[in-house]
Amino acid sequence: MTTLNEQTIIRQTVLNVAQSMVAAAITAPKAKGISHLHSCIVLDNDKQAVIEKMRSLAQEFSLPGFERDAQNLENADALVLLGTDLEPIGLKFCGMCGFENCEAKRQHPHIPCVFNPGDLGIALGSAVSVAMDNRIDNRILYSAGQAVLRMNIFPSSVKIIYGVALSVSKKNIFFDR
């Protein structure tokens with residue numbers, strides 16, 4: 001007889017859902033069908049490194065929300081990271097970034113093409129809907145993204161990152177913040 005204990009079931013379920021979240025983000029609609037999305041799943045020691053960086057930023061910049069989010073992440077089972085490059089998508093006519101066209105925007109690589117954060121937001125929505133459909137508690141964390149930006153987990157071209165903390169527990173750890 002094989003018996004899976006509760007912790008094993010939770011770990012396997014959260015990892016499976018996290019993988020499905022990444023798939024949902026990848027397949028989410030993107031402007032012109034061009035993806036500048038990057039993703040990964042962070043567990044165990046790597047998750048602890050993100051927590052430590054969040055706490056360091058909380059101290060350095062006097063950000064109590066970062067400390068609160070670090071505590072939530074410490075109690076979470078996994079962290080899904082989604083980020084984007086700041087690359088224009090090559091439209092001849094747009095200007096929504098404030099520049100005449102994508103060619104003019106390319107001369108300002110630190111300013112996002114408006115479609116980059118838009119596509120990232122759609123991908124995040126797709127990802128968290130998978131978590132919700134599987135009854136996995138989740139919270140989108142800007143603070144985790146800020147920590148990860150300083151940790152070189154993604155290529156240097158990635159300038160906007162959000163983390164999605166995942167938890168299975170008897171009470172939603174993200175509720176009474």
Task: Lys53 versus Met151, closest heavy-atom pair with distance - done: CB-SD, 3.8 Å

Open item on the list: For Ser143 versus Met54, what's the shortest heavy-atom pair and its separation?
Closed with: OG-CE, 3.4 Å

Open item on the list: Is any side-chain heavy atom of Phe66 closer than 4.5 Å to one of Gln146?
Closed with: yes

Task: Any side-chain heavy-atom pair of Ile111 and Leu86 under 4.5 Å - done: no

Open item on the list: Holding to salt bridge (Lys or Arg N to Asp or Glu O under 4.0 Å), I want the full list of residues that pass it with Glu6, two or more places apart in sequence or in another chain.
Closed with: Lys170

Open item on the list: Measuring only between side-chain heavy atoms, which start at C-beta, is Thr13 closer than 4.5 Å to Asp77?
Closed with: no

- [ ] Look at Glu103 together with Arg106 and state whether they make a salt bridge at an N to O cut-off of under 4.0 Å.
- [x] yes

Task: SB check Glu60 Arg150 (cutoff 4.0 Å) - done: no

Open item on the list: Is there a path of hydrophobic side-chain contacts, each under 4.5 Å between heavy atoms, that joins Val164 and Ile160?
Closed with: yes

Task: Single-linkage hydrophobic cluster Leu120~Val148, side-chain heavy atoms < 4.5 angstrom - done: no

- [ ] Say whether Ile140 and Val80 are linked into one hydrophobic cluster, either directly or through other cluster members, by side-chain heavy-atom distances under 4.5 angstrom.
- [x] yes

Open item on the list: Are the side chains of Ile34 and Glu87 in contact, using a 4.5 Å heavy-atom criterion?
Closed with: no

- [ ] Inspect the surroundings of CD in Gln48 and state if more than 12 heavy atoms from other residues, nucleotides or ligands are less than 6.0 Å away.
- [x] yes

Open item on the list: If you compare all heavy atoms of His38 against all heavy atoms of His36, which two are closest, and at what distance to 0.1 Å?
Closed with: CD2-O, 3.3 Å

Open item on the list: Just checking Gln19: does its CD atom have more than 12 heavy atoms from other residues, nucleotides or ligands closer to it than 6.0 angstrom?
Closed with: yes

Open item on the list: Do Val42 and Leu81 make a side-chain contact, defined as non-hydrogen atoms from C-beta onward lying under 4.5 Å apart?
Closed with: yes

Open item on the list: Donor-acceptor pair, distance only, cut-off 3.5 Å: does the side chain of Asp137 make one with the backbone of Phe174?
Closed with: no

- [ ] Please check if Ile122 and Leu82 belong to a single hydrophobic cluster, counting links between Ile, Leu, Val, Met, Phe, Trp and Tyr side chain heavy atoms closer than 4.5 Å.
- [x] no

Task: Minimum heavy-atom distance between Asn101 and Lys92, given as atom pair plus value - done: CB-O, 4.0 Å

- [ ] Identify the two heavy atoms, one from Leu73 and one from Ala165, that lie closest to each other, and give their separation to 0.1 Å.
- [x] CD1-CB, 4.0 Å

TODO: State, with a plain yes or no, whether a side-chain heavy atom of Cys94 is found less than 4.5 Å away from one of Phe115.
DONE: yes

Open item on the list: I'd like to check Leu91 versus Lys32 (side-chain heavy atoms, cut-off strictly below 4.5 Å). Are they in contact?
Closed with: yes

Open item on the list: Within the supplied structure, the quantity of interest is the number of heavy atoms (other residues, nucleotides, ligands) at a distance under 6.0 Å from Tyr162 OH; does it exceed 12?
Closed with: no

Open item on the list: Would you say CG of Asn45 has more than 12 non-hydrogen atoms from neighbouring residues, nucleotides or ligands within 6.0 angstrom?
Closed with: no

Task: Path from Ile153 to Ile51 over hydrophobic side-chain contacts below 4.5 Å - done: yes

Open item on the list: To check you understand the geometry: which heavy-atom pair defines the closest contact between Pro112 and Cys97, and what is its length?
Closed with: O-CB, 3.9 Å

